[in-house]
Amino acid sequence: MSTTLARLAQTIESRKPEHGGDPATSYVAKLFSKGDDAILKKIGEEATETVMAAKDARVSGDASGLLYEVADLWFHSMVLLAKFDLTPQQVLDELARREGLSGLAEKAARKDA
Ligand SMILES: N=c1c2ncn([C@@H]3O[C@H](COP(=O)(O)OP(=O)(O)OP(=O)(O)O)[C@@H](O)[C@H]3O)c2ncn1[C@@H]1O[C@H](COP(=O)(O)O)[C@@H](O)[C@H]1O
């Protein structure tokens with residue numbers, strides 16, 4: 001896993017209440033203290049902002065805003081994973097498992113099952 005992702009996952013984990021995360025000084029601790037729905041709401045917002053940024057980029061030809069929104073989306077997705085004691089490595093493992101398997105072939109296999 002990239003060291004940036006690994007470090008961020010570690011920081012997010014350290015912000016959990018059981019590890020002493022303080023909602024007064026930490027955005028992640030504050031999200032954890034608000035509960036699952038607050039995290040899900042942020043994911044919905046960031047996903048929508050990603051869509052809007054892509055539409056803006058299509059019009060302006062400048063995709064730089066899309067990078068910021070996808071970073072926000074990835075970050076909040078990592079908070080969600082941590083909330084459920086899952087790790088980015090597990091997501092990468094799932095992507096690795098899928099490597100080389102065409103999405104079209106996978107879908108067809110599902111239909112046959
Ligand atoms: N990568 C991020 C990161 N990306 C985005 N954000 C925050 O996510 C929020 C995004 O929400 P919006 O863009 O909707 O802005 P907003 O209106 O201010 O947000 P809300 O008040 O609606 O939640 C902002 O407050 C951003 O600062 C992040 N906050 C933290 N991190 C990482 O998490 C680490 C731990 O952060 P703390 O827990 O705050 O110490 C940091 O060192 C960073 O590495």
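Both counts, for ligands and for their atoms, begin at 1 and track the order of listing. What you see below is based on every heavy atom in this structure, not just the backbone, and it leaves out hydrogens, waters and symmetry mates.
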Would you tell me which option among Ala71, Ser26, Ala29, Ala38 has the nearest heavy-atom contact to atom 38 (O) of ligand 1? Ser26
Group every Ile, Leu, Val, Met, Phe, Trp and Tyr by side-chain heavy-atom contacts under 4.5 Å, then state whether Val51 and Ile43 land in the same group. no
Establish whether atom 27 (O) of ligand 1 and some protein heavy atom are separated by less than 4.0 angstrom. no
Assigning hydrophobic clusters by single linkage (Ile, Leu, Val, Met, Phe, Trp, Tyr; side-chain heavy-atom cutoff under 4.5 Å), is Ile39 placed with Val91? yes
Nitrogen or oxygen of Thr11 less than 3.5 angstrom from that of ligand 1: no
Atoms of ligand 1 under 4.0 Å from any heavy atom of His76, numbered from 1 in the order shown, are 8 (O), 10 (C)
Same cluster for Phe84 and Leu31 if Ile/Leu/Val/Met/Phe/Trp/Tyr side chains link at under 4.5 Å? yes
Consider ligand 1: state whether an atom of it lies below 4.0 angstrom from any non-hydrogen atom of Lys30. no
Would you say atom 21 (O) of ligand 1 has a protein heavy atom nearer than 4.0 Å? no
Within a 6.0 Å radius of atom CD on Gln10, are there more than 12 heavy atoms belonging to other residues, nucleotides or ligands? no
Atom 42 (O) of ligand 1 within contact range, any protein heavy atom under 4.0 Å: no
Below 4.0 angstrom, counting only protein heavy atoms, does anything approach atom 2 (C) of ligand 1? yes
Please report the C-alpha distance between Val28 and Thr11 in whole Å, then the side-chain angles of each, then the deciding distance to 0.1 Å, and finally whether the side-chain contact (heavy atoms from CB on, under 4.5 Å) criterion is met. CA-CA 9 Å; Val28 177; Thr11 302; over 6 Å; no
Taking only heavy atoms of Leu8 into account, list the atoms of ligand 1 that are under 4.0 Å away from them. 32 (C), 33 (O), 44 (O)
Closest non-hydrogen atoms of Lys34 and Ala38, given as atom of the first, atom of the second and distance, are CB-CB, 3.4 Å
Residue and atom name of the nearest protein heavy atom (relative to atom 7 (C) of ligand 1), distance in Å to one decimal: Tyr27 CE2, 3.7 Å
Which protein heavy atom lies closest to atom 36 (O) of ligand 1, and at what distance to 0.1 Å? Val28 CG2, 3.9 Å
Verdict with reasoning, Trp74 to Thr50, per side-chain contact (heavy atoms from CB on, under 4.5 Å): CA-CA 11 Å; Trp74 283 21; Thr50 297; over 6 Å; no
Would you check, one step at a time, whether the test side-chain contact (heavy atoms from CB on, under 4.5 Å) holds for Met78 with Leu5? CA-CA 9 Å; Met78 286 179 67; Leu5 283 184; 3.7 Å; yes
Short version for Ile12: what comes under 4.0 Å of ligand 1, heavy atoms counted, is neither
Protein contact of atom 5 (C) of ligand 1 - nearest heavy atom, named by residue and atom, plus distance: Asp72 OD1, 3.4 Å
When only distance counts, is Arg15 in polar contact with ligand 1, meaning an N/O pair under 3.5 Å? yes
Below 4.0 angstrom, N of the basic side chain to O of the carboxylate: do Lys16 and Asp85 qualify? yes
Measure Phe75 to ligand 1 on non-hydrogen atoms and call it side chain, backbone, both or neither using the 4.0 Å cut-off. side chain
Assess the side chains of Ser64 and Asp62: does a donor N or O sit below 3.5 Å from an acceptor N or O? yes
Any atom of ligand 1 sitting under 4.0 Å from a heavy atom of Lys42? yes
